[in-house]
Peer 1: 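This is the structure I have questions about; it appears just below.
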Amino acid sequence: MENFFNIVRDALNMEDGAVLENGTELGALDGWDSLGKFMLLSSVYSDYGVTLDVPDVNAAKTVGDLWNLVERAKG
């Protein structure tokens with residue numbers, strides 16, 4: 001899970017030490033915009049080999065929601 005937090009930090013251009021938890025609200029993160037989402041989708045594909053649906057990513061409210069999407073996509 002820590003690897004996923006690192007992916008989110010990198011995609012959203014956050015500082016390395018920024019605290020992320022499952023319940024972290026995506027809307028509260030400065031980098032949670034169209035570019036950040038694109039970077040996240042690209043990183044998830046590179047690291048986990050899965051493609052996430054954009055509508056599902058847009059509907060996600062928390063970092064944990066994103067992780068659940070990755071887990072579902074991994075099957």
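We count residues from 1, following the sequence as given.
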Peer 1: If I compare all heavy atoms of Gly36 with all of Leu12, which pair ends up nearest, and what's the gap?
Peer 2: CA-CD2, 3.7 Å

Peer 1: Give a yes or no on whether the backbone of Ser42 and the side-chain of Ser46 come within a donor-acceptor separation of less than 3.5 Å.
Peer 2: yes

Peer 1: Could you tell me which residues satisfy salt bridge (Lys or Arg N to Asp or Glu O under 4.0 Å) with Glu2, sequence neighbours excluded, listed by chain and number?
Peer 2: Arg9

Peer 1: Look at the side-chain heavy atoms of Ile, Leu, Val, Met, Phe, Trp and Tyr, link any pair under 4.5 Å apart, and say whether Met39 and Leu26 land in one connected group.
Peer 2: no

Peer 1: Sequence neighbours excluded, which residues qualify as ring pair (Phe, Tyr, Trp, His ring centres under 6.0 Å) partners of Phe4?
Peer 2: Trp67

Peer 1: What are the two closest non-hydrogen atoms of Thr51 and Ala73, and how far apart are they?
Peer 2: O-CB, 4.3 Å

Peer 1: Taking side chain to side chain donor-acceptor pair (under 3.5 Å) as the cut-off, I'd like each qualifying pair that reaches into residues 20-37, sequence neighbours left out, listed once.
Peer 2: Lys37-Asn58

Peer 1: Are Phe38 and Val57 co-members of a hydrophobic cluster defined by side-chain heavy atoms under 4.5 Å apart?
Peer 2: no

Peer 1: Using 0.5 Å steps for rounding, measure from the CG atom of Asp47 to the CD1 atom of Ile7.
Peer 2: 3.5 Å

Peer 1: Contact between Met14 and Leu20 at the side-chain level, heavy atoms closer than 4.5 Å - yes or no?
Peer 2: yes

Peer 1: Quick one, Leu66 and Val70 - any side-chain contact, counting heavy atoms below 4.5 Å?
Peer 2: no

Peer 1: Verify the cluster assignment for Tyr45 and Phe5: are they in a single hydrophobic cluster under the rule of side-chain heavy atoms below 4.5 Å apart?
Peer 2: no

